[in-house]
Number of protein chains: 2
Amino acid sequence: MAAQRGEGETTTTPAEPADRERARAIPEAAVARLAVYLRVLSGMADQGVTAVSSEELSQAAGVNAAKLRKDLSYIGSYGTRGVGYDVEVLVSHIERILGLTRNHSVAVVGIGNLGHALANYGGFPGRGFPVTALFDVDADLIGIPVGGIPVNHIDEITAICLEREVSIGVIATPPPAAQSVCDRLVSAGVQCILNFAPVVLQVPDNVEVRKVDLAVEMQILSFHVARRADEAASVSVGNNGLGVDGMVIRP
Amino acid sequence: MAAQRGEGETTTTPAEPADRERARAIPEAAVARLAVYLRVLSGMADQGVTAVSSEELSQAAGVNAAKLRKDLSYIGSYGTRGVGYDVEVLVSHIERILGLTRNHSVAVVGIGNLGHALANYGGFPGRGFPVTALFDVDADLIGIPVGGIPVNHIDEITAICLEREVSIGVIATPPPAAQSVCDRLVSAGVQCILNFAPVVLQVPDNVEVRKVDLAVEMQILSFHVARRADEAASVSVGNNGLGVDGMVIRP
DNA sequence: CCGACTTTGTGCATGCGTTCACAAGCGGTA
DNA sequence: TACCGCTTGTGAACGCATGCACAAAGTCGG
Ligand SMILES: NC(=O)c1ccc[n+]([C@@H]2O[C@H](COP(=O)([O-])OP(=O)(O)OC[C@H]3O[C@@H](n4cnc5c(N)ncnc54)[C@H](O)[C@@H]3O)[C@@H](O)[C@H]2O)c1
Ligand SMILES: NC(=O)c1ccc[n+]([C@@H]2O[C@H](COP(=O)([O-])OP(=O)(O)OC[C@H]3O[C@@H](n4cnc5c(N)ncnc54)[C@H](O)[C@@H]3O)[C@@H](O)[C@H]2O)c1
């Protein structure tokens with residue numbers, strides 16, 4: 001029904017887009033990198049580093065220095081030419097842009113293998129994402145605390161999500177249950193969903209979904225292995241127009 | 001030192017790139033989607049569906065139909081105009097391109113919360129990614145089977161990875177250990193790494209790294225919440241040039 | 001106070017990825 | 001066989017992202 005990712009209004013309005021909209025138009029790819037810069041900068045701050053140049057930071061973050069500066073320029077001009085950036089200042093501005101000035105309460109649904117790992121993980125609360133609710137259908141799990149939070153029955157999801165102001169829902173159920181869980185989260189007012197189930201979720205336009213699909217990640221790695229193996233083969237054996245598996249490369 | 005992602009040879013060779021190289025130049029984004037199509041198609045095949053049109057498949061995969069057809073065109077012309085695609089045929093060709101005609105043995109390093117979940121997960125072997133080795137430093141874990149595989153000490157990593165022909169290494173250790181584990185995997189000949197530790201890994205050019213960073217995913221979601229909240233605020237309150245948190249939108 | 005040096009911020013070109021739109025091709029039908 | 005309707009495959013245009021290269025803007029030493 002609705003696209004997973006908002007498709008943005010095509011030029012139906014001949015009028016200019018408002019400046020404030022353009023100011024907010026930070027490329028999605030840049031947002032992801034800003035989160036990485038933030039982590040690196042936090043680490044530096046913890047080690048007592050107070051200033052950093054774009055060159056140093058870009059090395060630590062594994063990106064091109066020019067790209068880093070462009071990314072930072074989307075959020076403003078907080079560097080000092082000839083010197084670099086103040087670590088604390090940069091941290092606070094990135095946090096502001098990413099909306100980390102307030103906490104985002106997280107609910108995990110499906111307390112199996114993965115749900116347990118997520119609930120027990122200590123890394124989220126410190127980064128502004130306290131896990132405040134756990135849900136499952138398994139009667140044996142209800143009431144048991146995992147990572148300090150008792151598991152509730154999925155039927156209580158609406159009431160509890162509203163009460164605890166959950167803003168991010170994490171789906172860690174088996175694939176067949178994922179869409180139904182997603183629908184319940186959405187009716188409970190949750191507008192952000194992180195989905196671990198290998199399923200394409202259908203959601204309304206106002207809900208943001210991100211997926212983590214480990215099988216897909218592995219298949220991408222597999223593709224690169226195959227490509228490399230194929231290249232090696234065709235180099236050593238000479239280009240006969242056939243790759244491994246009889247794949248026709250030059251028909 | 002080396003970039004996380006190969007930067008591709010710049011035009012040092014004035015000669016044309018060989019056709020076979022171009023044939024292999026499937027955009028990274030398309031590869032990721034091909035993996036999704038494969039999953040959807042496999043599900044359809046299981047339900048006895050034998051033919052599918054680009055429109056149907058694109059709906060099920062949550063993408064634009066034109067994009068889907070272009071993605072499929074990278075791997076060849078296996079559709080029938082006026083009819084659609086044969087599900088089995090498409091499955092086998094995508095599998096071939098993704099290098100899934102042979103199994104890729106997986107090693108998991110760091111059998112803590114996350115490592116246990118991964119080792120116990122039944123979804124990988126069926127997709128061609130059997131987990132064949134587990135490693136940790138914790139003496140209490142060594143020898144204990146998890147998901148049917150006994151945990152080995154990290155010091156045995158080289159010998160065991162070579163013996164079991166591990167092609168994908170999964171890092172699920174605490175962040176400080178990640179780089180050292182990565183180096184060990186690389187010296188054991190592993191060329192593909194999936195990294196869960198929130199750390200930027202340094203690897204040689206011939207090694208492919210993909211990272212899964214849940215905190216980053218949540219921060220991206222947080223960004224979108226903040227953007228939406230800000231838009232709503234500036235609409236209801238009128239645009240005064242200030243967003244939430246006193247963020248200056250139009251300086 | 002000045003000049004040399006350092007590093008930011010960004011205009012611009014280039015390349016990649018997405019989307020549109022339509023000709024080409026195939027099966028079915030008369 | 002000839003026509004018709006449907007769906008694929010792709011050329012072309014567009015928009016987004018990347019990386020270069022440099023002017024602007026600051027620091028520091030003398
Ligand atoms: N474990 C992994 O490493 C891993 C890796 C990749 C993908 N995944 C995916 O993550 C998801 C969870 O994996 P897992 O290994 O934790 O599975 P699991 O079977 O261990 O746990 C699933 C949990 O969800 C609960 N559940 C089932 N239906 C539910 C519903 N309608 N509402 C609420 N809870 C419900 C079950 O009771 C169970 O506790 C699956 O979709 C799986 O494909 C897991
Ligand atoms: N658990 C989660 O849900 C989650 C979420 C996001 C990120 N992560 C990341 O994933 C990684 C693992 O998380 P976790 O919760 O499983 O941690 P954990 O502490 O439960 O497990 C880490 C395991 O790694 C082992 N280990 C430590 N040093 C090692 C070494 N040098 N070689 C081999 N093994 C070693 C430890 O003995 C332990 O068993 C961390 O980097 C964490 O930041 C975890």
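Worth saying up front: this structure is predicted, and the values here are computed from it rather than measured. Letters A, B, ... mirror the listed sequences (proteins, then strands); counts begin at 1.
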* **Set of residues satisfying side-chain hydrogen bond (donor to acceptor under 3.5 Å, both in side chains) with respect to B:R127, sequence neighbours excluded** => none
Between [N] ([atom2]) and [X] ([atom1]): distance, integer Å:
X     : N      : atom1 : atom2 : value
B:I26 : C:dG15 : CD1   : P     : 21 Å
A:Y78 : C:dT10 : OH    : P     : 12 Å
B:D86 : D:dT7  : CG    : P     : 16 Å
A:D71 : D:dT18 : CG    : P     : 7 Å
B:L90 : D:dT7  : CG    : C1'   : 14 Å
A:E28 : D:dA17 : CD    : P     : 9 Å
A:K67 : C:dG15 : NZ    : P     : 16 Å
B:L68 : D:dT8  : CG    : P     : 9 Å

* **Side chains of A:Q219 and B:H104, donor plus acceptor under 3.5 Å** => no
* How would you list all residue pairs meeting side chain to side chain donor-acceptor pair (under 3.5 Å) that involve residues 171-181 of chain B, not counting sequence neighbours? ->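 Checked against side chain to side chain donor-acceptor pair (under 3.5 Å) - neighbours excluded - the pairs reaching residues 171-181 of chain B are B:Q179-B:D183.
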* Under the side-chain contact (heavy atoms from CB on, under 4.5 Å) rule, collect the residues that match up with B:A60, sequence neighbours excluded. => B:V40, B:M44
Within less than 4.0 Å of OP1 or OP2 of [N], is there a side-chain N or O belonging to [X]?
X     : N      : value
A:N64 : D:dC20 : yes
B:S54 : D:dT8  : yes
B:Y74 : C:dG17 : no

* Asked: For residues 42-51 of chain A, which residue pairs qualify under salt bridge (Lys or Arg N to Asp or Glu O under 4.0 Å), counting only residues two or more places apart or in two chains?
  ->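 Those involving residues 42-51 of chain A do not exist here.
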* Structure fact -> Whether each nucleotide of nucleotides 22-30 of chain D has a protein heavy atom under 4.0 Å at its base (B), only at its sugar-phosphate (S) or at neither (-) is summarised, 5' to 3', as --BBBS---
* With the side chain of A:Y85 defined as its heavy atoms from C-beta on, choose the nearest nucleotide among C:dG9, D:dA21, D:dG9. =>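 So the side chain of A:Y85 is nearest to C:dG9.
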* Residue list, salt bridge (Lys or Arg N to Asp or Glu O under 4.0 Å) with B:R33, at least two apart or on another chain -> B:D71
* Taking the side chain as C-beta and beyond, is there a heavy-atom pair between A:V91 and A:E95 under 4.5 Å? ->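 Of all side-chain heavy-atom pairs linking A:E95 with A:V91, at least one is under 4.5 Å.
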* Is there a donor and acceptor pair closer than 3.5 Å between the side chain of A:K70 and the base of C:dG9? ->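 No pair found.
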